[in-house]
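Here's the structure, in structure tokens; my notes come after.
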Amino acid sequence: MTNEGCIIEVEGLYTRFGSHLVHKNINLCVRRGEVLALVGGSGSGKTALMRQMLGLEMPSQGTVRVFGEPLHGHDRRVLQSMRNRCGVLFQKGALFSALSVYDNIALPMRELRTLDEGMICDLVMLKLKMVDIETQHASKMPAELSGGMVKRIALARAMALDPELLFLDEPTAGLDPELSDGFVKLIQTMRTELTFTIVMATHDLDTLVALSDRVAVLADQRIAALGSLQEVIGANHPFITNFFRGDRGKKALGNTGDAL
């Protein structure tokens, strides 16, 4: 039975790649309307877990439910319908290099086969405005864009179908501090104006502090801690000590870190 208020449920999840065990008995509820941050060291399986939440990979064992429905066992049409309710911002943007800015954002709308080109044009321009990109850049190719513009346009594409659930994989990776701050503020603004749930994998403490409602720490093949930032910081685990209580952690956490 689906837990009320959970937009994603992960139950008894195991992930194996050959003989390598990445996840062992992961149980997790992503609450509707929250920003849940996935944190962990390299190889802890943050991205793998997100891919399983999207149905792009199948767990070795266990169940993933999204919008109350199991991701696996449906035919392709049902799974695609569920994915249409999700948006994904990949770590490096993953814009199609052979498509213009306009066509990258229009692609998910065209795949629906329900919108005419005039409506698609209006929606693309709206999405560009939403991420503070001037419409004159619509004809540019990805190779002509700065790193900050790639992130914003990739976010516009992720928002193309007005998703209920947004996945962010290292959203500020590769951005300098000023661009990173601007991108975080953009997500904060969009979250205030629109209603959606966010699952975010990040190693950036500033982004984590600014955006997350709850934090899930992946370590030792399991969820080592789950809760608010203050609750997680107080957990007794070597990764948490190194990540949150080191010099970088204290600087990002400020008074929150000092209080704990």
Side-chain angles (χ1 to χ4, degrees), residues 1-3 5-32 34-74 79 82-83 85-92 94 158 163-171 173 197-205 207-208 211-229 231-244 249:
M1 182 179 292
T2 303
N3 292 329
C6 294
I7 198 167
I8 302 175
E9 288 180 277
V10 178
E11 296 181 353
L13 183 140
Y14 286 70
T15 303
R16 294 182 180 87
F17 296 111
S19 61
H20 179 56
L21 182 64
V22 178
H23 301 135
K24 181 179 180 180
N25 197 28
I26 298 286
N27 295 282
L28 181 64
C29 162
V30 180
R31 300 168 182 164
R32 188 176 297 274
E34 76 171 341
V35 177
L36 178 72
L38 301 176
V39 177
S42 178
S44 62
K46 301 185 297 295
T47 298
L49 182 57
M50 288 180 66
R51 289 178 64 84
Q52 288 165 352
M53 290 176 178
L54 275 163
L56 297 176
E57 291 180 2
M58 195 168 175
S60 304
Q61 184 178 328
T63 304
V64 180
R65 291 187 182 88
V66 180
F67 308 118
E69 297 290 338
L71 276 182
H72 306 289
H74 287 300
L79 182 57
M82 294 169 69
R83 285 180 181 162
R85 299 168 68 184
C86 303
V88 187
L89 174 64
F90 296 97
Q91 183 172 343
K92 296 181 180 179
E164 300 168 55
L165 180 56
L166 182 63
F167 292 88
L168 307 176
D169 190 6
E170 299 288 0
T197 304
I198 296 176
V199 178
M200 171 180 68
T202 185
H203 70 278
D204 183 75
L205 279 159
T207 302
L208 182 75
L211 292 177
S212 62
D213 296 312
R214 288 195 304 151
V215 179
V217 178
L218 291 170
D220 304 326
Q221 304 166 338
R222 61 187 177 89
I223 295 181
L226 173 64
S228 68
L229 188 56
E231 289 169 336
V232 166
I233 293 169
N236 183 22
H237 190 279
F239 173 80
I240 292 171
T241 300
N242 293 333
F243 187 75
F244 289 104

Task: Rounded distance [0.5 Å steps], CG in Leu49 versus CG in Leu218 - done: 6.0 Å

- [ ] Would you name the heavy atoms of Leu71 and Gly55 that are closest together and state the gap between them?
- [x] CD1-N, 3.4 Å

Open item on the list: I need the Asn25 CG to Gln61 CD distance, nearest 0.5 Å.
Closed with: 8.0 Å

Open item on the list: Using only atom types and a distance under 3.5 Å, with no angle test, would you say the side chain of Asp213 pairs donor to acceptor with the backbone of Glu34?
Closed with: no

- [ ] Report yes if some heavy atom in the side chain of Met200 is under 4.5 Å from a heavy atom in the side chain of Thr207; otherwise report no.
- [x] yes

- [ ] Determine whether Leu229 and Leu208 make a side-chain contact, defined as any pair of heavy atoms from C-beta on separated by less than 4.5 Å.
- [x] yes

Open item on the list: Given 3.5 Å as the limit, does a donor-acceptor pair link the side chain of His23 with the main chain of Gly45, or not?
Closed with: yes

- [ ] Search all heavy atoms of Ala201 against all heavy atoms of Met50 and return the closest pair with its distance.
- [x] CB-SD, 3.4 Å

Task: Separation of Thr202 OG1 from Leu211 CG (nearest 0.5 Å) - done: 8.5 Å

Open item on the list: When you compare the side chain of Val199 with that of Met53, does any pair of heavy atoms fall below 4.5 Å?
Closed with: yes

Open item on the list: If the threshold is 4.0 Å, N to carboxylate O, is there a salt bridge linking Glu231 and Arg214?
Closed with: no

- [ ] Specify the closest pair of heavy atoms between Gly43 and Val22, including all atoms of both residues, with the distance to one decimal.
- [x] O-CG1, 4.2 Å

Task: Val232 to Val215 - nearest heavy-atom pair and separation - done: CG2-O, 3.5 Å

Open item on the list: Quick test of your reading: applying side chain to side chain donor-acceptor pair (under 3.5 Å), list the pairs with at least one residue in residues 48-57, sequence neighbours left out, ordered by first then second residue.
Closed with: Thr15-Gln52, Arg51-Glu57

Open item on the list: What I'd like to find out is whether the side chain of Leu226 reaches to under 4.5 Å of the side chain of Leu36, using heavy atoms alone.
Closed with: yes

TODO: Quick one: pull up CD1 in Ile233 and CD1 in Ile240 and give me the separation to the nearest 0.5 Å.
DONE: 9.5 Å

- [ ] Could you please spell out the steps behind the side chain to side chain contact (heavy atoms under 4.5 Å, CB included) verdict for Leu38 and Phe167?
- [x] CA-CA 11 Å; Leu38 301 176; Phe167 292 88; over 6 Å; no

- [ ] Step by step, work out the side chain to side chain contact (heavy atoms under 4.5 Å, CB included) result for Phe243 and Val217.
- [x] CA-CA 10 Å; Phe243 187 75; Val217 178; over 6 Å; no

Task: Distance, nearest 0.5 Å, that separates CD1 of Ile7 from CG of Leu165 - done: 5.0 Å

Task: Taking every non-hydrogen atom, the tightest pair across Ile223 and Ile26 - done: N-CD1, 3.7 Å

Task: Partners passing salt bridge (charged side-chain N to carboxylate O under 4.0 Å, His left out) against Arg85 (at least two apart in sequence or in another chain) - done: Glu164

- [ ] Return yes if some donor-acceptor pair links the side-chain N/O of Glu11 with the main-chain N/O of Val64 below 3.5 Å, else return no.
- [x] no

Open item on the list: Just verifying a value: how many Å separate Lys24 NZ and Tyr14 OH, rounded to the nearest 0.5 Å?
Closed with: 6.0 Å

- [ ] Taking the side chain as every heavy atom from C-beta outward, state whether Thr47 and Phe90 have any pair of such atoms under 4.5 Å apart.
- [x] no

- [ ] Would you indicate whether the side-chain heavy atoms of Phe67 and Cys86 approach each other to under 4.5 Å?
- [x] yes

TODO: Dump the intermediate steps for side chain to side chain contact (heavy atoms under 4.5 Å, CB included) on Ile198 and Leu168, then the final yes or no.
DONE: CA-CA 7 Å; Ile198 296 176; Leu168 307 176; 3.7 Å; yes

Open item on the list: So which atom in Arg16 and which in Ser60 form the shortest heavy-atom distance, rounded to 0.1 Å?
Closed with: N-OG, 2.9 Å

Task: Residues Phe239, Val39; criterion side chain to side chain contact (heavy atoms under 4.5 Å, CB included); working and verdict - done: CA-CA 10 Å; Phe239 173 80; Val39 177; 3.8 Å; yes

Open item on the list: Between Thr197 and Val30, is there a side-chain heavy-atom distance shorter than 4.5 Å?
Closed with: yes

